[in-house]
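First comes the structure, then the notes that go with it.
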Amino acid sequence: MLKRVTIFKKGNPMQFNNALKDIKTYEAGKPIELVVREFGIAPEHVVKLASNENPKGCSPKVAKAIANNAHKAFLYPDDSFYELKSALSSRFDVQDNNIIIGAGSDQVLEFIARAILQENDSVLMSKVTFAMYEIYAKQMGAKIIRTPSYQHKVDEFIEAYNKHQPKIIYLCTPNNPTGDATTKEDVLAIINAVSQETLVVVDGAYMEYAIAKDEAYRITPNDLIGFENVIYLGTFSKAYGLGGMRVGYGIANAPLIHELYKMRPPFNISTLSLVAGIEACKDEEFVEESIALHTQEIVRYEAFAKAHGFEYIESYTNFITYLFDDSMNSTHISDALLKEGVIIRNLASYGMNAVRITIGTPKQNDRFFEIFKKVAT
Ligand SMILES: *Cc1c(COP(=O)(O)O)cnc(C)c1O
């Protein structure tokens with residue numbers, strides 16, 4: 001093994017951007033490889049229910065298209081993303097210049113923070129929500145304001161907005177990691193209460209699941225595009241089963257998209273990711289089947305919670321959040337499951353004695369229930 005020695009030089013220690021002092025590195029769901037390495041469990045016995053991936057995998061048509069185009073790996077992608085934008089513009093009934101493509105919608109979130117925020121600006125979000133909003137905002141030196149509840153309550157958002165005049169408001173519906181959602185009516189009430197100077201981000205990463213469950217939660221880019229200060233975000237990572245390909249998008253009025261484009265590096269998704277996104281748009285049946293499987297399986301998680309006497313948050317996503325009282329400890333339970341090869345998401349770092357479980361295949365879910373009973377009840 002190469003041994004490194006530290007070389008001491010004169011002068012002050014290297015200085016990083018001040019903004020970094022207050023940033024916690026994003027903690028991603030644990031990969032299967034880690035469980036294989038640390039606990040010696042065979043990869044086929046690991047059940048990963050931690051990152052809200054589609055348990056059905058991706059559309060077989062997408063997998064085939066990626067394989068058929070593998071020889072194009074040497075080519076840069078079509079940087080206009082013409083075909084993908086056309087597919088999205090017809091799906092959502094918007095124009096090409098209303099769309100920006102990102103390496104996951106995560107990258108669009110980064111473009112937004114960089115395009116809007118300056119030091120000491122503030123941003124507003126719910127008490128418990130997607131961790132990347134905070135990280136990207138803090139990178140720009142912005143202050144984080146949170147509402148008192150994890151649910152997106154209209155009154156709380158308006159009160160905090162009036163008090164802090166944030167530059168960005170993040171509305172995550174359905175919300176990750178809690179699974180609850182905000183109605184279209186409430187989202188519009190918040191949008192209508194804020195001035196043009198504040199950008200409202202509506203993150204619909206799990207929107208396909210919410211729509212399948214209850215029409216009152218359906219929000220489409222078209223509902224929002226008339227507002228100059230609103231952007232809708234969507235992704236292929238969840239219902240479309242393409243988390244590994246990193247394709248997401250933002251949809252907004254053309255002048256806003258034009259500004260965000262200034263933050264975009266060229267070729268920001270790969271040639272094969274582009275193929276995957278285009279092909280995924282052609283296979284809506286796969287998404288319908290995925291949601292049907294999900295709908296069938298999530299009721300088992302609800303029944304399991306009831307049978308064992310703990311609470312859960314009604315879910316509009318592809319995961320469910322179990323809430324524990326003091327008799328159960330989310331860290332203890334997550335660690336015990338991990339040793340048995342079942343990966344779930346502990347929400348202790350979000351200040352909750354709770355766990356988030358991605359709904360898996362029937363077999364994966366059986367395994368989860370079996371191991372959970374063994375370690376936790
Ligand atoms: C998964 C997720 C995203 C983005 O995921 P990408 O893989 O970067 O597209 C965005 N917002 C929320 C709330 C998510 O859960």
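We count ligands from 1, going down the list as the structure has it; atoms in each ligand are counted the same way.
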Compute whether any side-chain donor of one residue and acceptor of the other, for [X] and [Y], lie under 3.5 angstrom apart.
X: Ser315; Y: Thr317; answer: yes
X: Asp180; Y: Gln151; answer: no
X: Tyr240; Y: Glu284; answer: yes
X: Asn176; Y: Arg356; answer: yes

Shortest protein contact, [atom] (heavy atom only):
atom: atom 4 (C) of ligand 1; value: Ser105 OG, 3.1 Å
atom: atom 9 (O) of ligand 1; value: Thr235 OG1, 2.5 Å
atom: atom 2 (C) of ligand 1; value: Lys238 NZ, 2.5 Å
atom: atom 8 (O) of ligand 1; value: Arg246 NH2, 2.8 Å

So between Val247, Asn52, Asp203, Val201, whose heavy atom ends up nearest atom 12 (C) of ligand 1?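 Comparing heavy atoms across Val247, Asn52, Asp203, Val201, the nearest one to atom 12 (C) of ligand 1 lies in Asp203.
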Under 4.0 Å from a heavy atom of [X]: give me the atoms of ligand 1 that qualify, with their elements.
X: Ser237; result: 6 (P), 7 (O), 9 (O)
X: Asn176; result: 13 (C), 14 (C), 15 (O)
X: Asp106; result: 8 (O)
X: Gly104; result: 6 (P), 8 (O), 9 (O)
X: Cys172; result: 13 (C)

Would you call Tyr206 a ligand 1 contact, heavy-atom distance under 4.0 Å?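 Yes; Tyr206 lies near enough to ligand 1 that a heavy-atom distance drops under 4.0 Å.
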What do you reckon, does Gly248 put a non-hydrogen atom under 4.0 Å from ligand 1?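 Heavy atoms of Gly248 never come under 4.0 Å of ligand 1.
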Please work out which of the three classes, parallel, tilted or perpendicular, describes the rings of Tyr206 and Tyr209, given edges at 30° and 60°.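 Judged by the thresholds at 30° and 60°, the geometry between Tyr209 and Tyr206 is tilted.
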According to the interplanar angle, ranging from 0 to 90°, do the rings of Phe304 and Phe372 count as parallel (below 30°), tilted (30 to 60°) or perpendicular (above 60°)?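 Rings of Phe304 and Phe372: perpendicular, over 60°.
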Output yes when Asp96 and Lys85 qualify as a salt bridge under the 4.0 Å nitrogen-oxygen rule, no when they do not.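 Judged by the 4.0 Å cut-off on N to carboxylate O distance, Asp96 and Lys85 do not form a salt bridge.
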Is there at least one pair of N or O atoms, one from Tyr133 and one from ligand 1, spaced under 3.5 Å apart?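 No, there is no polar N/O contact under 3.5 Å.
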Taking the side chain as every heavy atom from C-beta outward, state whether Phe81 and Ile269 have any pair of such atoms under 4.5 Å apart.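 Side chain of Phe81 against side chain of Ile269, heavy atoms only: contact under 4.5 Å found.
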Please check: side-chain N/O of Asn329 versus main-chain N/O of His332, any donor-acceptor pairing under 3.5 Å?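 Judged by distance alone, yes, a pair lies under 3.5 Å.
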